[in-house]
2 protein chains.
Amino acid sequence: MGKAYDVMAATCPSRTVLHRIGARWTVFVVTALADGPMRFTELKARIEGITPKVLTETLRALETDGLVHRAALGGSPPRVEYSLTPLGRSLWVPLQAVRDWAETHVPEILDAQARSEAAVGG
Amino acid sequence: MGKAYDVMAATCPSRTVLHRIGARWTVFVVTALADGPMRFTELKARIEGITPKVLTETLRALETDGLVHRAALGGSPPRVEYSLTPLGRSLWVPLQAVRDWAETHVPEILDAQARSEAAVGG
DNA sequence: GATACCGGTTACTTCAACGAAACCGGGACC
DNA sequence: GGTCCCGGTTTCGTTGAAGTAACCGGTATC
């Protein structure tokens with residue numbers, strides 16, 4: 001059985017999907033929400049350096065793709081809770097592996113960068 | 001034992017690493033090279049839609065980070081072979097998982113997108 | 001001597017993503 | 001009546017990654 005979708009094909013929709021996954025802040029939001037539902041301000045605090053605008057954009061995009069659920073709970077002050085959908089939770093698995101890899105191999109990459117900078121004549 | 005690096009910290013070098021991994025074409029190049037060493041033109045053919053400029057840039061970046069090895073074999077016509085380093089091969093594991101996820105869940109995401117477009121009033 | 005192949009490079013342009021900063025309504029608290 | 005919090009929105013500016021297209025030297029082929 002061949003696969004229905006192939007990332008190597010120029011027009012394959014999986015490329016769009018991959019692009020979304022690779023967006024700067026997607027991995028952070030999914031990682032944060034993997035610990036449980038969270039409110040906007042909580043997310044903003046946890047993901048250091050993210051601006052409210054970008055956080056909103058990222059959440060909307062993930063919501064559109066069915067990865068994140070947004071629950072407005074009314075009341076005052078307003079309460080909005082974001083959570084991963086089952087699809088989002090399934091994405092978390094490979095994303096966590098990537099995150100893990102990144103955190104684990106930082107020293108090797110820093111080393112390689114230093115070495116190639118030295119080779120060029122830094 | 002706490003982790004040495006945490007992606008959630010604003011200044012953590014793992015963020016740079018993650019950024020590189022998330023670059024538009026990284027996953028394609030690593031995936032292609034996972035099948036074995038390959039020449040420039042071969043890569044260009046296999047990764048549909050990539051331009052020579054972007055391919056060069058991506059390969060150089062991956063080389064700098066120690067993920068790809070470049071071997072110029074002289075002769076004429078010139079022969080240059082690119083291959084994954086052990087570090088690159090270790091990255092392939094999580095990347096393949098992400099690629100797999102993307103290819104597998106295309107229909108669900110397309111569905112979700114269609115539904116939220118309809119909800120807005122398409 | 002025209003053509004094609006390899007492995008790129010160069011110059012220019014475009015465009016989406018990202019970021020900074022200010023602001024919004026509505027309530028609650030003081 | 002001033003201030004704070006929540007969950008954003010709006011405007012504007014910047015940046016850098018990506019795309020387009022043309023070209024390069026060297027060789028070998030016809």
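Each chain gets a letter, A, B and so on, in the order its sequence line appears, and its residues count up from 1.
Legend: ring pair (Phe, Tyr, Trp, His ring centres under 6.0 Å) pairs involving residues 28-57 of chain B, not counting sequence neighbours, sorted by first then second residue: B:W25-B:F28. Listed by first then second residue, pairs satisfying ring pair (Phe, Tyr, Trp, His ring centres under 6.0 Å) with a partner in residues 67-96 of chain A number zero, not counting sequence neighbours. Among residues at least two apart or in separate chains, side chain to side chain donor-acceptor pair (under 3.5 Å) pairs with a member in residues 36-54 of chain A are A:D35-A:R46.
With rounding to whole Å, B:K44 atom NZ is found 14 Å from D:dT20 atom C1'. Atom-to-atom, CD of A:E42 to P of D:dC5 comes out at 16 Å; the value is rounded to the nearest Å. Rounded to an integer number of Å, the gap from CG of A:L43 to C1' of D:dC6 is 14 Å.
Counting only distance, with no hydrogens or angles, the side chain of B:E103 and the backbone of A:V7 share a donor-acceptor pair below 3.5 Å. Judged by distance alone, the side chain of B:T85 and the main-chain N or O of B:G66 form a donor-acceptor pair under 3.5 Å. Side chain of B:R15 to backbone of B:M8: a donor-acceptor contact under 3.5 angstrom is found.
With sequence neighbours excluded, no residue forms a side chain to side chain donor-acceptor pair (under 3.5 Å) with B:E63. Shown here are the salt bridge (charged side-chain N to carboxylate O under 4.0 Å, His left out) partners of A:R20, two or more places apart in sequence or in another chain: A:D65. Here B:R115 pairs with nothing under the side chain to side chain donor-acceptor pair (under 3.5 Å) rule; sequence neighbours left out. Listed by chain and residue number, B:H19 satisfy the side chain to side chain donor-acceptor pair (under 3.5 Å) test with A:R24 (two or more places apart in sequence, or in another chain). Remark: B:S90 engages A:W101 in a side chain to side chain donor-acceptor pair (under 3.5 Å) (not counting sequence neighbours).
Think of the region where chain A sits on DNA chain C: with heavy atoms and a 4.0 Å cut, that region ends 5' and 3' at C:dC18 to C:dG27.
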I'd like a list of close polar pairs between nucleotides 26-30 of chain D and the protein, N/O only, cut-off under 3.5 Å.
from, atom 1, to, atom 2, distance (Å)
D:dT27, O4', B:S76, OG, 3.0
D:dT27, O3', B:S76, OG, 3.4

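Near DNA chain D, meaning a heavy atom under 4.0 Å from it, residues 53-61 of chain B has B:K53, B:V54 in order of number. Contacts between residues 12-27 of chain B and DNA chain D, counted as heavy-atom distances below 4.0 Å, involve B:R24, B:W25.
Not one side-chain nitrogen or oxygen of A:R39 sits closer than 4.0 Å to the OP1 or OP2 atom of D:dC5.
Of the inter-residue distances, the one linking B:S83 atom OG with B:R89 atom CZ reads 7.5 Å to the nearest 0.5 angstrom.
Looking at heavy-atom distances under 4.0 Å, B:T41 makes contact with sugar-phosphate atoms alone, never a base.
Within 6.0 Å of CZ on B:R79 lie no more than 12 heavy atoms contributed by other residues, nucleotides or ligands.
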